[in-house]
Amino acid sequence: MKAMTWHGGAHFTLDDVPDPDPTPGFVVVKVDTTGICGTDVHITQGLFPQEPPKILGHEGSGTIVAVGEGVSSERIGQRVVMNHTSHCYECWTCQNWNVSRCEVADASTNGFYAEYVALDSRAALELPEDLDIETAALTEPASCCLSGVEMLDIPYRATGLVIGAGIMGLFTAAFLKSHGVETLVVSEPVTVRREMAKQFGADILHDPNDIPLSEVIADITDQGKGFDVTAEAVGKPELVATCINSTKPRGQTLMIGVCPEGSPLPVDLYDMHFREIKLVGAFGRGNVFHRVPTELTKLNLKNVISGRYPLTDLPEAITASAEGLGVKFAIKPND
Ligand SMILES: [Zn+2]
Ligand SMILES: [Zn+2]
(Lines give C-alpha, C1' and ligand atoms only; values in the text may rest on other atoms or scores of the structure.)
(Ligands and ions follow the chains in the order given, each with its own letter.)
Protein backbone atom coordinates (compact mmCIF):
# COMPACT_ATOMS: atom_id res chain seq x y z
CA MET A 1 0.00 0.00 0.00
CA LYS A 2 0.97 3.65 -0.25
CA ALA A 3 1.79 5.77 2.80
CA MET A 4 3.25 9.22 3.34
CA THR A 5 6.26 9.12 5.66
CA TRP A 6 7.34 12.23 7.52
CA HIS A 7 11.11 12.75 7.79
CA GLY A 8 11.32 15.89 9.90
CA GLY A 9 10.63 19.53 9.01
CA ALA A 10 8.29 19.75 6.05
CA HIS A 11 9.86 16.74 4.28
CA PHE A 12 7.63 13.80 3.29
CA THR A 13 8.07 10.83 0.95
CA LEU A 14 5.38 8.70 -0.70
CA ASP A 15 6.38 5.11 0.04
CA ASP A 16 5.30 1.61 -0.88
CA VAL A 17 5.03 -0.21 2.44
CA PRO A 18 3.74 -3.70 3.28
CA ASP A 19 -0.04 -3.99 3.70
CA PRO A 20 -0.85 -4.12 7.42
CA ASP A 21 -1.82 -7.52 8.82
CA PRO A 22 -4.65 -8.01 11.25
CA THR A 23 -2.83 -9.42 14.28
CA PRO A 24 -4.90 -10.86 17.18
CA GLY A 25 -7.31 -8.27 18.58
CA PHE A 26 -6.67 -5.91 15.68
CA VAL A 27 -8.64 -4.74 12.67
CA VAL A 28 -7.44 -3.37 9.34
CA VAL A 29 -9.23 -0.25 8.16
CA LYS A 30 -9.31 1.11 4.62
CA VAL A 31 -8.93 4.82 5.27
CA ASP A 32 -11.63 7.06 3.79
CA THR A 33 -10.72 10.47 5.25
CA THR A 34 -7.89 11.82 7.40
CA GLY A 35 -8.17 15.38 8.68
CA ILE A 36 -5.17 17.73 8.65
CA CYS A 37 -4.74 18.89 12.22
CA GLY A 38 -3.08 22.04 13.55
CA THR A 39 -0.84 19.60 15.40
CA ASP A 40 0.44 18.24 12.06
CA VAL A 41 1.22 21.81 11.02
CA HIS A 42 3.05 22.40 14.31
CA ILE A 43 4.99 19.13 13.92
CA THR A 44 6.26 20.17 10.47
CA GLN A 45 7.23 23.56 11.92
CA GLY A 46 9.14 21.93 14.78
CA LEU A 47 6.76 23.34 17.39
CA PHE A 48 5.38 20.02 18.60
CA PRO A 49 7.81 17.30 19.69
CA GLN A 50 7.77 14.17 17.46
CA GLU A 51 10.46 11.74 16.29
CA PRO A 52 10.82 11.06 12.53
CA PRO A 53 10.52 8.93 10.47
CA LYS A 54 6.83 8.45 11.07
CA ILE A 55 3.46 8.16 9.35
CA LEU A 56 1.43 11.02 10.81
CA GLY A 57 -2.34 11.60 10.79
CA HIS A 58 -4.58 11.03 13.80
CA GLU A 59 -8.06 12.13 12.67
CA GLY A 60 -9.33 9.29 10.56
CA SER A 61 -12.37 7.35 9.45
CA GLY A 62 -12.80 4.37 7.17
CA THR A 63 -14.17 0.88 6.70
CA ILE A 64 -12.99 -2.32 8.35
CA VAL A 65 -11.69 -4.72 5.68
CA ALA A 66 -10.04 -7.44 7.79
CA VAL A 67 -10.11 -8.65 11.39
CA GLY A 68 -7.56 -10.52 13.48
CA GLU A 69 -8.09 -13.46 15.79
CA GLY A 70 -10.56 -12.72 18.56
CA VAL A 71 -12.45 -10.05 16.63
CA SER A 72 -15.90 -10.88 15.23
CA SER A 73 -15.89 -11.23 11.44
CA GLU A 74 -19.21 -9.37 11.51
CA ARG A 75 -17.17 -6.20 11.89
CA ILE A 76 -15.90 -6.50 8.31
CA GLY A 77 -17.60 -3.75 6.31
CA GLN A 78 -18.31 -1.66 9.40
CA ARG A 79 -17.85 2.12 9.01
CA VAL A 80 -15.63 3.36 11.83
CA VAL A 81 -13.87 6.37 13.29
CA MET A 82 -10.42 5.65 14.63
CA ASN A 83 -8.68 6.50 17.85
CA HIS A 84 -5.03 7.03 17.08
CA THR A 85 -3.96 5.48 20.35
CA SER A 86 -5.64 2.66 22.18
CA HIS A 87 -6.05 2.69 25.93
CA CYS A 88 -6.10 0.07 28.65
CA TYR A 89 -8.72 1.52 31.06
CA GLU A 90 -6.55 0.10 33.86
CA CYS A 91 -3.45 2.25 34.38
CA TRP A 92 -3.43 5.21 36.79
CA THR A 93 -3.87 7.70 33.93
CA CYS A 94 -6.83 5.87 32.36
CA GLN A 95 -8.56 5.56 35.71
CA ASN A 96 -7.79 8.97 37.16
CA TRP A 97 -7.15 11.32 34.30
CA ASN A 98 -7.53 10.98 30.54
CA VAL A 99 -7.55 7.79 28.46
CA SER A 100 -5.87 9.62 25.59
CA ARG A 101 -2.75 9.81 27.76
CA CYS A 102 -2.80 6.08 28.67
CA GLU A 103 0.56 5.00 30.11
CA VAL A 104 0.69 1.59 28.42
CA ALA A 105 -1.01 2.19 25.06
CA ASP A 106 1.15 1.55 22.07
CA ALA A 107 2.08 5.03 20.93
CA SER A 108 3.90 3.66 17.90
CA THR A 109 0.65 2.89 16.01
CA ASN A 110 0.99 4.16 12.47
CA GLY A 111 -0.90 7.27 11.53
CA PHE A 112 -3.69 7.56 9.00
CA TYR A 113 -1.87 9.24 6.09
CA ALA A 114 -1.87 5.82 4.45
CA GLU A 115 -4.27 3.71 2.39
CA TYR A 116 -4.73 1.17 5.18
CA VAL A 117 -4.03 1.04 8.89
CA ALA A 118 -4.09 -1.74 11.48
CA LEU A 119 -5.28 -0.83 14.95
CA ASP A 120 -6.65 -2.29 18.15
CA SER A 121 -10.26 -3.27 17.43
CA ARG A 122 -11.36 -1.30 20.51
CA ALA A 123 -9.90 1.85 18.96
CA ALA A 124 -12.17 1.53 15.89
CA LEU A 125 -15.60 2.80 16.86
CA GLU A 126 -18.70 2.01 14.80
CA LEU A 127 -20.46 5.09 13.41
CA PRO A 128 -24.10 5.92 14.02
CA GLU A 129 -26.14 5.33 10.86
CA ASP A 130 -26.90 8.99 10.29
CA LEU A 131 -23.26 10.15 10.34
CA ASP A 132 -21.43 10.15 7.03
CA ILE A 133 -17.98 8.66 6.94
CA GLU A 134 -16.18 11.86 5.91
CA THR A 135 -17.72 13.96 8.68
CA ALA A 136 -16.82 11.21 11.15
CA ALA A 137 -13.14 12.13 10.67
CA LEU A 138 -13.93 15.27 12.69
CA THR A 139 -14.54 13.17 15.82
CA GLU A 140 -11.05 13.61 17.26
CA PRO A 141 -10.88 17.43 17.09
CA ALA A 142 -14.48 17.68 18.31
CA SER A 143 -13.63 15.38 21.23
CA CYS A 144 -10.86 17.72 22.41
CA CYS A 145 -13.34 20.60 22.46
CA LEU A 146 -16.15 18.70 24.17
CA SER A 147 -13.74 17.34 26.77
CA GLY A 148 -12.49 20.87 27.48
CA VAL A 149 -15.93 22.47 27.64
CA GLU A 150 -17.11 19.79 30.07
CA MET A 151 -14.28 20.78 32.43
CA LEU A 152 -15.87 24.23 32.88
CA ASP A 153 -18.61 25.23 35.31
CA ILE A 154 -20.90 27.28 33.10
CA PRO A 155 -23.22 29.55 35.11
CA TYR A 156 -26.84 30.36 34.23
CA ARG A 157 -27.17 32.84 31.35
CA ALA A 158 -23.42 32.85 30.86
CA THR A 159 -21.55 35.05 28.45
CA GLY A 160 -18.68 33.47 26.55
CA LEU A 161 -15.82 34.33 24.23
CA VAL A 162 -13.94 32.08 21.85
CA ILE A 163 -10.77 33.42 20.24
CA GLY A 164 -10.06 31.65 16.96
CA ALA A 165 -12.56 30.12 14.55
CA GLY A 166 -10.52 27.33 13.06
CA ILE A 167 -12.14 23.97 13.52
CA MET A 168 -11.22 23.86 17.23
CA GLY A 169 -12.73 27.27 17.93
CA LEU A 170 -15.87 26.34 15.99
CA PHE A 171 -16.43 23.11 17.89
CA THR A 172 -15.67 24.87 21.17
CA ALA A 173 -18.27 27.50 20.25
CA ALA A 174 -20.87 24.84 19.45
CA PHE A 175 -20.30 22.96 22.70
CA LEU A 176 -20.24 26.13 24.82
CA LYS A 177 -23.66 26.94 23.36
CA SER A 178 -25.01 23.43 23.93
CA HIS A 179 -23.68 23.55 27.51
CA GLY A 180 -25.50 26.72 28.48
CA VAL A 181 -23.64 29.79 27.23
CA GLU A 182 -26.38 32.24 26.33
CA THR A 183 -24.42 34.97 24.57
CA LEU A 184 -21.33 33.85 22.70
CA VAL A 185 -18.79 36.06 20.95
CA VAL A 186 -16.38 34.51 18.46
CA SER A 187 -13.32 36.59 17.60
CA GLU A 188 -11.48 35.76 14.38
CA PRO A 189 -9.68 37.92 11.79
CA VAL A 190 -10.20 35.59 8.78
CA THR A 191 -13.59 36.31 7.20
CA VAL A 192 -14.52 32.77 6.00
CA ARG A 193 -13.80 31.33 9.41
CA ARG A 194 -15.55 34.13 11.28
CA GLU A 195 -18.66 33.81 9.12
CA MET A 196 -18.75 30.05 9.66
CA ALA A 197 -18.96 30.59 13.42
CA LYS A 198 -22.62 31.57 12.88
CA GLN A 199 -23.58 28.03 11.90
CA PHE A 200 -21.84 26.80 15.08
CA GLY A 201 -24.03 29.03 17.24
CA ALA A 202 -22.02 32.26 17.66
CA ASP A 203 -24.28 35.19 18.56
CA ILE A 204 -21.77 37.94 17.89
CA LEU A 205 -18.87 37.88 15.45
CA HIS A 206 -15.83 39.99 16.28
CA ASP A 207 -13.13 40.99 13.82
CA PRO A 208 -10.07 42.00 15.89
CA ASN A 209 -8.83 44.13 12.97
CA ASP A 210 -12.06 46.11 13.07
CA ILE A 211 -12.79 47.08 16.66
CA PRO A 212 -10.95 46.39 19.91
CA LEU A 213 -12.25 43.52 22.03
CA SER A 214 -12.56 45.92 24.97
CA GLU A 215 -15.51 47.58 23.20
CA VAL A 216 -17.29 44.24 22.89
CA ILE A 217 -16.62 43.49 26.57
CA ALA A 218 -18.05 46.88 27.54
CA ASP A 219 -21.14 46.28 25.38
CA ILE A 220 -21.92 42.64 26.06
CA THR A 221 -20.80 41.70 29.55
CA ASP A 222 -22.50 42.64 32.81
CA GLN A 223 -21.15 46.05 33.84
CA GLY A 224 -18.26 45.46 31.44
CA LYS A 225 -16.62 43.13 33.96
CA GLY A 226 -15.71 40.47 31.41
CA PHE A 227 -17.00 37.12 30.16
CA ASP A 228 -18.00 34.24 32.43
CA VAL A 229 -16.00 31.87 30.26
CA THR A 230 -13.34 32.45 27.60
CA ALA A 231 -11.57 29.94 25.37
CA GLU A 232 -8.38 30.29 23.36
CA ALA A 233 -8.44 28.06 20.28
CA VAL A 234 -5.39 29.23 18.34
CA GLY A 235 -2.34 28.20 20.36
CA LYS A 236 -0.70 31.59 20.95
CA PRO A 237 0.37 32.57 24.48
CA GLU A 238 -0.56 36.22 23.89
CA LEU A 239 -4.11 35.16 22.98
CA VAL A 240 -4.38 33.02 26.11
CA ALA A 241 -3.42 36.22 27.93
CA THR A 242 -6.12 38.14 26.03
CA CYS A 243 -8.66 35.53 27.14
CA ILE A 244 -7.57 35.78 30.78
CA ASN A 245 -7.73 39.57 30.63
CA SER A 246 -11.24 39.36 29.09
CA THR A 247 -12.57 37.07 31.81
CA LYS A 248 -14.66 38.43 34.68
CA PRO A 249 -13.50 38.03 38.29
CA ARG A 250 -13.88 34.35 39.29
CA GLY A 251 -14.45 33.46 35.65
CA GLN A 252 -12.75 30.69 33.75
CA THR A 253 -10.39 30.52 30.79
CA LEU A 254 -10.05 27.34 28.75
CA MET A 255 -6.91 26.52 26.76
CA ILE A 256 -7.91 24.58 23.65
CA GLY A 257 -5.11 25.71 21.30
CA VAL A 258 -1.72 24.04 21.69
CA CYS A 259 0.92 26.63 22.60
CA PRO A 260 4.53 25.86 21.60
CA GLU A 261 6.38 23.72 24.14
CA GLY A 262 8.24 25.88 26.64
CA SER A 263 6.15 29.01 26.08
CA PRO A 264 5.62 31.27 29.11
CA LEU A 265 2.26 32.91 29.87
CA PRO A 266 2.46 36.67 29.31
CA VAL A 267 -0.01 37.79 31.96
CA ASP A 268 0.18 39.83 35.12
CA LEU A 269 -0.07 37.03 37.67
CA TYR A 270 -0.93 39.54 40.37
CA ASP A 271 -4.04 40.51 38.38
CA MET A 272 -4.97 36.87 37.76
CA HIS A 273 -4.57 36.10 41.45
CA PHE A 274 -6.42 39.23 42.53
CA ARG A 275 -9.37 38.59 40.18
CA GLU A 276 -9.43 34.87 41.07
CA ILE A 277 -9.30 33.62 37.49
CA LYS A 278 -9.46 29.89 36.89
CA LEU A 279 -7.27 28.63 34.01
CA VAL A 280 -8.17 25.22 32.57
CA GLY A 281 -5.94 23.18 30.26
CA ALA A 282 -7.50 20.69 27.85
CA PHE A 283 -5.37 18.29 25.86
CA GLY A 284 -6.44 15.52 23.53
CA ARG A 285 -9.69 13.67 23.23
CA GLY A 286 -10.20 13.27 26.97
CA ASN A 287 -12.72 10.59 27.90
CA VAL A 288 -15.51 11.62 25.56
CA PHE A 289 -14.50 10.21 22.14
CA HIS A 290 -17.23 7.53 22.12
CA ARG A 291 -19.96 10.14 22.66
CA VAL A 292 -18.84 12.53 19.93
CA PRO A 293 -20.04 10.84 16.69
CA THR A 294 -23.62 11.31 17.92
CA GLU A 295 -22.86 14.93 18.88
CA LEU A 296 -21.62 15.54 15.32
CA THR A 297 -24.99 14.54 13.89
CA LYS A 298 -26.57 17.46 15.81
CA LEU A 299 -24.33 20.12 14.24
CA ASN A 300 -24.54 21.92 10.92
CA LEU A 301 -21.19 20.98 9.39
CA LYS A 302 -21.92 22.16 5.86
CA ASN A 303 -18.77 23.34 4.03
CA VAL A 304 -16.56 22.73 7.07
CA ILE A 305 -14.22 20.64 4.93
CA SER A 306 -12.67 23.31 2.75
CA GLY A 307 -10.50 21.10 0.61
CA ARG A 308 -9.88 17.43 -0.19
CA TYR A 309 -6.47 16.21 -1.37
CA PRO A 310 -5.04 12.88 -2.54
CA LEU A 311 -2.35 11.30 -0.38
CA THR A 312 0.46 12.60 -2.61
CA ASP A 313 -0.61 16.19 -1.95
CA LEU A 314 -0.25 15.99 1.83
CA PRO A 315 2.51 18.69 1.93
CA GLU A 316 0.28 21.07 -0.06
CA ALA A 317 -2.67 20.32 2.22
CA ILE A 318 -0.54 21.03 5.31
CA THR A 319 0.63 24.30 3.75
CA ALA A 320 -2.97 25.31 2.96
CA SER A 321 -3.93 24.50 6.54
CA ALA A 322 -0.97 26.47 7.93
CA GLU A 323 -1.94 29.48 5.83
CA GLY A 324 -5.43 29.43 7.28
CA LEU A 325 -7.00 29.33 3.82
CA GLY A 326 -10.03 27.41 5.05
CA VAL A 327 -11.50 25.64 8.03
CA LYS A 328 -10.55 21.97 7.68
CA PHE A 329 -8.56 20.17 5.02
CA ALA A 330 -8.82 16.46 4.43
CA ILE A 331 -6.69 13.77 2.83
CA LYS A 332 -8.50 11.06 0.87
CA PRO A 333 -5.84 8.29 0.86
CA ASN A 334 -7.75 5.95 -1.44
CA ASP A 335 -8.99 8.46 -4.04
ZN1 LIG B 1 -6.07 16.67 15.84
ZN1 LIG C 1 -4.20 3.09 30.43
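Order of listing sets the numbers, starting from 1, for every ligand and every atom in it. Source: prediction; values computed, not measured.
Near the Zn ion (ligand 1), less than 2.8 Å away, sit the protein N, O or S atoms C37 SG, H58 NE2, E59 OE2, E140 OE1.
Annotation for K225: atom NZ does not count as buried by contact number, only 12 or fewer foreign heavy atoms lying within 6.0 Å.
In the hydrophobic clustering (ILVMFWY side chains linked at under 4.5 Å, chained through shared members), Y116 is joined by M1, V17, V28, V65.
For C88 atom SG and C94 atom SG, the angle they make at the Zn ion (ligand 2) is roughly 120°, to 10 degrees.
There is no side-chain donor-acceptor pair under 3.5 Å between T221 and T159.
Using cut-offs of 30° and 60° for the angle between ring planes, the F283 and F48 rings count as parallel.
Hydrophobic cluster membership is shared by L176 and M151, with clusters built from Ile, Leu, Val, Met, Phe, Trp and Tyr side chains linked at under 4.5 angstrom.
A salt bridge does not link R79 to D32: none of the charged side-chain nitrogens sits closer than 4.0 Å to a carboxylate oxygen.
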